[in-house]
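Let me begin by presenting the structure, written as C-alpha cells, before commenting on it.
Any value given below was found using the heavy atoms of this structure, including those in side chains, with hydrogens, waters and symmetry copies removed.
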2 protein chains.
Amino acid sequence: MSASDLIRIMLVDDHAVVRAGVRRLLEQEARFLVVAEAESGERAYQQFGEHLPDITIIDLSMPGMGGIEAIGRIVARYPTAKLLVLSMHENAAFASQALKAGAKGYLVKNSLAEELVNALECLAKGQTYINANFTKKIAQQFLNDEINPLQQLSTREFEIFRLLAEGTDSNLIASSLNISSKTVANYQTSIKQKLGINNSVELVRLAIRSGLIDS
Amino acid sequence: MSASDLIRIMLVDDHAVVRAGVRRLLEQEARFLVVAEAESGERAYQQFGEHLPDITIIDLSMPGMGGIEAIGRIVARYPTAKLLVLSMHENAAFASQALKAGAKGYLVKNSLAEELVNALECLAKGQTYINANFTKKIAQQFLNDEINPLQQLSTREFEIFRLLAEGTDSNLIASSLNISSKTVANYQTSIKQKLGINNSVELVRLAIRSGLIDS
DNA sequence: ACAAAGTCGGGAGTTTTTCCTAGTGTATGT
DNA sequence: ACATACACTAGGAAAAACTCCCGACTTTGT
C-alpha cells in the first residue's frame with residue numbers, strides 16, 4: 001500500500017466513548033488514520049481547517065451547534081469535504097436533513113464494523129453511502145417528505161389532526177365540529193394512514209416537529 | 001499487582017461502536033479485563049450467568065428488553081451483581097429508576113475516561129458511584145419529586161411508560177417483558193391514573209417534557 | 001411477623017379503532 | 001353539461017384497546 005492510499009480521518013462526537021470506539025474499529029485497518037478529534041460542532045469546524053482530513057465522521061446530536069449545522073458550515077467553506085454521518089437516529093428525516101446539508105453518507109451507530117469500512121471506502125472514492133436497510137426507509141419517506149406530510153391532509157383532516165394532537169377527546173372534537181364521533185373516528189384512521197403512522201405517539205411527535213403544538 | 005486485583009467486566013450495549021469504545025478505554029488499564037459483551041438485555045442475562053463478571057457496564061435504552069428490565073433480572077438472580085449504568089440520558093428520572101432497579105452506579109456517556117475508571121473502582125470496592133455533575137441534578141430534581149409525576153411510578157410502570165411513549169406496540173411490550181398483554185393494558189391504565197392523564201397523547205407529551213424521549 | 005406496596009393476570013363490560021360501504025356536495029376538465 | 005375526482009359525512013360489524021374490579025403471590029420495611 002502506498003502512502004497515497006492512506007485515508008486521513010477526523011472524528012466528531014461529543015461522547016468520548018464513541019470516538020474511542022470508532023478509533024478502535026479503524027485501527028484494525030492500517031489504511032485508516034485518525035488525524036483529529038472534536039467534541040463539538042464548533043471545534044469540528046476549527047479542526048477541519050487545521051487538518052483537512054479526507055473524511056470526517058460526525059455525529060448529529062451534539063450540544064451547542066448540532067451536527068447538521070456543522071456539516072453545513074464545513075461544506076460551505078470546503079465544498080469537497082467528505083462527511084460521513086454516524087448517528088444513533090434510525091430516522092429518515094434526520095438522514096435526509098443531513099444529506100441535504102451536504103453529508104456524503106449516513107450510518108447508524110449499531111452498524112457493523114464492516115459497514116463502516118465500506119462506507120469510508122465509498123466516500124474515499126467520491127461516492128455517497130447510505131445504510132442498506134435504510135435506503136428503502138428513506139425512499140418511502142422521501143416522497144412524503146418533499147410533500148411535507150401534513151400537506152397531504154385535507155382541511156378537515158388537518159383540523160382533526162390538530163385537535164387530536166392537543167389531546168382533545170374524540171367526543172369533544174365531534175361536538176365542537178358538529179359531526180358524529182363516528183366520523184371523527186374514521187378521520188382518525190385516515191389521517192394515520194395518510195401520514196404513515198400507526199399510533200398516537202407518532203402523531204404527537206409529528207405535530208410537535210411540525211410546530212403545530214409544543215410539548 | 002496480584003491476579004486477584006483483576007476486575008472482570010461485561011459490556012452491554014446495542015451499539016457495537018460504544019462497546020468497542022469502552023473496551024478501548026479499559027484496555028489502557030491493565031487491571032481491567034473485558035470478559036464478555038452483549039447487545040441486548042436478553043443476551044446480557046444469559047452472558048452474566050456464563051461469565052459472572054465482577055462488574056457489568058450496561059446501557060439503558062436498548063431495543064427489546066430495556067436496560068432497566070435487564071438490571072432487575074440480573075440483580076434478582078445474582079443479588080451481589082455490580083452493575084454500572086452508562087447512559088446517554090442526562091436525566092434524573094432514568095438514573096433514579098436504574099438505581100432503584102439495583103444498579104450500583106450511573107454515568108453519562110460523555111464522561112471522561114478517568115471517571116469511568118473511578119466509577120469502576122468504586123463499584124469494585126462495593127461502593128455506589130454517581131456522576132459528580134449529576135448528583136446535583138438529581139438533588140435538584142429530587143426536591144421536585146413530589147412535583148415530578150414520573151417519580152410516582154414503580155419500576156415496572158416506568159419501564160412500560162417508557163416503551164409506550166416510544167410508540168412500542170402493546171403486544172410487543174408484553175412479549176419483550178414476558179408478561180401478558182392484559183397486564184400491559186392494566187399497567188397502562190394505572191400509569192395514566194397515577195400521572196393524571198386521560199389519553200396517550202398526554203402520555204407522550206409528558207415523556208417529551210421529561211426528556212425521556214425526544215420529539 | 002405483619003402491613004404495605006409491587007407484580008401479574010383473569011373476568012366482564014365499555015370504548016376506540018378499523019374496514020367497508022354509501023350518500024351528498026363541490027370542483028375540474030373536456 | 002356531464003363525467004370524474006375528491007372531500008365530507010356517517011352507519012354497521014368486527015377487532016382491538018382500555019377500564020375497573022378482583023385475587024394471588026412476592027418483596028420490602030418496621
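Here dC19(C) is the nucleotide among dG6(C), dC19(C), dT16(C) with the atom lying nearest to any side-chain atom of N186(A). The side chain of K182(B) approaches dC20(D) more closely than any other nucleotide in the set dC20(D), dT16(C), dT18(C). Distance from the side chain of S154(B) is smallest for dT7(C) among the nucleotides dT7(C), dT19(D), dT18(C). Looking at the side chain of R156(A), the nearest of the listed nucleotides dT9(D), dG11(C), dG9(C) is dT9(D).
Between T189(B) and the phosphate of dT19(D), there is a side-chain N or O to OP1/OP2 separation shorter than 4.0 Å. Put simply, T183(B) has no side-chain N or O that comes within less than 4.0 Å of OP1 or OP2 on dC8(C).
Residues E202(B) and E166(A) approach most closely at OE2-O, 3.8 Å, considering heavy atoms.
Below 30°, between 30° and 60°, or above 60°: for Y78(B) and Y45(B) the angle between ring planes is between 30° and 60°, a tilted geometry.
The closest donor-acceptor contact from the side chain of Q47(B) to the backbone of E37(B) lies under 3.5 Å.
Between R162(B) and E159(B), at least one side-chain nitrogen of the basic residue sits less than 4.0 Å from a carboxylate oxygen of the acidic one, meeting the salt-bridge criterion. The pair E69(B)-R73(B) counts as a salt bridge, with a side-chain nitrogen and a carboxylate oxygen less than 4.0 angstrom apart.
Atom CG in L203(A) sits about 16 Å away from atom C1' in dT18(C), given to the nearest Å. The nearest whole Å value for the distance from the CD1 atom in I173(B) to the P atom in dC18(D) is 10 Å. Remark: C1' of dC18(D) and CG of N171(B) are 13 Å apart, rounded to the nearest angstrom. L153(A) places its CG atom 13 Å from the C1' atom of dA7(D), with the value rounded to the nearest Å. Spacing between atom CZ of F158(A) and atom P of dC8(D) amounts to 13 Å, rounded to whole angstrom units. Taking atom NZ on K192(B) and atom P on dA17(D), their separation rounds to 12 Å, with Å as the unit. Atom pair E69(B):CD and dG6(C):C1' shows a separation of 14 Å (rounding to whole Å applied). When the C1' atom of dA10(D) is taken as reference, atom OH of Y187(A) falls 10 Å away, rounded to whole Å.
Contacts of T155(A) with the nucleic acid, taken as non-hydrogen atoms under 4.0 Å apart, involve only primed sugar atoms and P, OP1 or OP2. Nucleic acid contact for Q188(B): sugar-phosphate only, since backbone atoms but no base atoms lie under 4.0 Å from a heavy atom of the residue. Among the protein residues, S180(A) comes within range of the sugar-phosphate backbone only, with heavy atoms under 4.0 Å from sugar or phosphate atoms but none that close to a base.
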